[in-house]
There are 2 protein chains.
Amino acid sequence: MKQNNDHKKYNAIEKSILTLLAFSEDKSSWGVRELSQKLGFSPATVQRILQTYKTYGFVKQDSQTRQYHLGNVFYKFIEPLQHVNQVTRGARKYMEQVAAETGETVHLNIVEDGHRICIDTLESSRALRAGMPLGHRSPLHAGASAKCLLAFSSPEFIETYLDLTPLTRLTENTLVERTSLEQALSQIRQEGFAGSLGERTPGLGSLSAPIMDHRGKAIAVLSLAIPEIRFSNDVHRNKCIESLIGAVREFSLENGFLFR
Amino acid sequence: MKQNNDHKKYNAIEKSILTLLAFSEDKSSWGVRELSQKLGFSPATVQRILQTYKTYGFVKQDSQTRQYHLGNVFYKFIEPLQHVNQVTRGARKYMEQVAAETGETVHLNIVEDGHRICIDTLESSRALRAGMPLGHRSPLHAGASAKCLLAFSSPEFIETYLDLTPLTRLTENTLVERTSLEQALSQIRQEGFAGSLGERTPGLGSLSAPIMDHRGKAIAVLSLAIPEIRFSNDVHRNKCIESLIGAVREFSLENGFLFR
DNA sequence: TGTTTTGTTTCATATTATAAAACACTGTTT
DNA sequence: AAACAGTGTTTTATAATATGAAACAAAACA
């Protein structure tokens, strides 16, 4: 059992936050003592925190197993979050533009806690299409969006990420060698976009380009999810790349950053 | 300024929860003193809570206005929530079934805090289609999904809801008279499904039917979002109703409830 | 049947959350 | 310019309460 070996002192609110965050990680279902051991808080404390969260709908308790799960309250935060988020708000029209130009599924991604996470999606209207649901997560080494996010992160972030994270193989195309991944990241920075085919999911192609803020820091990546059959078509793929790069350039310019 | 006139004593964790919940309601952007007044906690307390949430990414602070907004951590909870949620898990195959049979956008909705909220969506692949993003909210009196959720709630819930909530007009088709709404709810219960055209959004038609648990309590509604042009086609609409009812009957039976 | 492992409750004690007040800073008004 | 009225934030003495150990209850297991 993995323990939280940080022996830092937490106040009551921090404890409640860490308790909640445990449900977003590896396990999404916890018992009181199990979670108490992981967090290093006493069972009584975890019990009280979970009961409080339960009354507000943040967690549910299975009446048979007595285990705790995430509750439905979180759905309530999605709409206000999307509404207040500058990136999703600003990116919407460019997502629509790219969707219209390419006919493929367009999605928006950020790095959160060392993972790629999809924060908005606009599905293709073709019969054969790729999906990318809101909230979908993946590691940062597999797939165009993930690699693009990693490529445009700070050098320090990239290094610590590569030091700490094992490059798990997800498909036969996943880059599992650090050197080849670093080479890919370098190429992405040079070309200004990332592409991948079946690195995370077999049959799924993907293209991705970074959206910059006024300082030239990547705040998100705009991506396309494309079925292999169309991804393999050079003409179509080039059209998609062009559309994507056009959109991120415009958006970044809007934020005060001019691509060279 | 609306104040939280409950003079109940809250413990530290409850205070932090109420602070967070404030961002899911009317305002999604708060100043310290403003929020302190609304919640009835001292500014120092709210300040400390917000700073703690800030370090964990639950809220962001605008560096200019010093106002607090929701942070990106919430995106992290979507995937585990969808994964652990029995309703979304179980409904998936029926959503796909209805989507295949009708070609329209299928979505799943629940009541959360007196609102309809979309907890899963499967977009139509037609050129002209209606969207219904995950997390989308609406009041319970306008639109087929909302009315269906209300119709199959407990009589006590319906009464208190109608007593407390003003029936705001959203379009020219919105039911704003209590009696006509109650009559509509009664009809929905009799027919086993709800339909609406342009009650919430002009040009948008909708059909909805309840998913029951083993006790016959509605745990969610399965719905279709259909553009007016196709909604007005009787043949198509009847096919959609049939598909929807077939799916909720099967799913409810799976849960141990047999429709009479 | 005994044994281990759950979730949960109790309770004395020390930790810490708390609100008032002060502070620093902003923009506005006089 | 000076006074004012708002902010967000920090300080601090004190009262309130979060806390972990232990006990309890109720499963699950051998």
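Distance CZ (Phe41(A)) to P (dT16(C)): 12 Å, rounded to an integer number of Å. In this structure, the CD atom of Glu14(A) is 11 Å from the P atom of dT16(C), given to the nearest Å. With rounding to whole Å, Leu50(B) atom CG is found 15 Å from dA17(C) atom C1'. Rounded to whole Å, the distance from CZ on Arg33(A) to C1' on dG20(D) is 12 Å. Distance CG (Leu35(A)) to P (dT8(C)): 12 Å, rounded to an integer number of Å. Between Ile13(A) atom CD1 and dT19(D) atom C1' the separation is 15 Å, expressed in whole Å. One atom, CD of Gln37(A), and another, P of dG7(C), lie 11 Å apart when rounded to the nearest Å. For the pair Lys9(B) NZ and dA16(D) C1', the computed distance is 8 Å after rounding to whole Å.
Ring geometry for Trp30(B) against Phe23(B) counts as perpendicular: the plane angle is over 60°, on a 0 to 90° scale with 30° as the lower cut. Note: Phe58(B) and Phe77(B) have tilted aromatic rings, judged against thresholds of 30 and 60 degrees for the angle between ring planes. Taking the six-membered ring for Trp and thresholds of 30 and 60 degrees, Phe257(B) and Phe259(B) have ring planes more than 60 degrees apart, a perpendicular arrangement.
When heavy atoms are screened at a 4.0 angstrom cut-off, Ala44(A) is found touching base atoms of the nucleic acid.
Look at Gln47(B) and you'll find a side-chain N or O under 4.0 angstrom from OP1 or OP2 of dT9(D). For the pair Tyr10(A) and dT19(D), the criterion of a side-chain N or O lying under 4.0 Å from OP1 or OP2 is not met. At least one side-chain nitrogen or oxygen of Lys15(B) sits closer than 4.0 Å to the OP1 or OP2 atom of dT18(C). Residue Ser42(B) places none of its side-chain N or O atoms closer than 4.0 Å to OP1 or OP2 of dT18(C). Thr45(B) has no side-chain polar atom (N or O) that falls below the 4.0 Å cut-off from OP1 or OP2 of dA17(C). For Arg66(A) and dT8(C), the shortest distance from a side-chain N or O to OP1 or OP2 is below 4.0 Å. Between dT9(D) and Gln61(B), a contact under 4.0 Å exists linking OP1 or OP2 to a side-chain N or O. Of the side-chain N and O atoms in Tyr68(B), none sit less than 4.0 angstrom from OP1 or OP2 of dT7(D).
When each of Ala12(A) and Val32(A) is assigned the nucleotide of DNA chain C with its nearest heavy atom, Val32(A) is the one assigned upstream, toward the 5' end.
Contact check for Thr174(A) versus Arg200(A): no side-chain heavy atoms found under the 4.5 Å cut-off.
No option in Ile188(B), Val221(B), Leu185(B) other than Leu185(B) meets the side chain to side chain contact (heavy atoms under 4.5 Å, CB included) test with Leu150(B).
Residue Gln51(B) places its side chain closer to dT9(D) than to any other of dA18(D), dT9(D), dT8(C).
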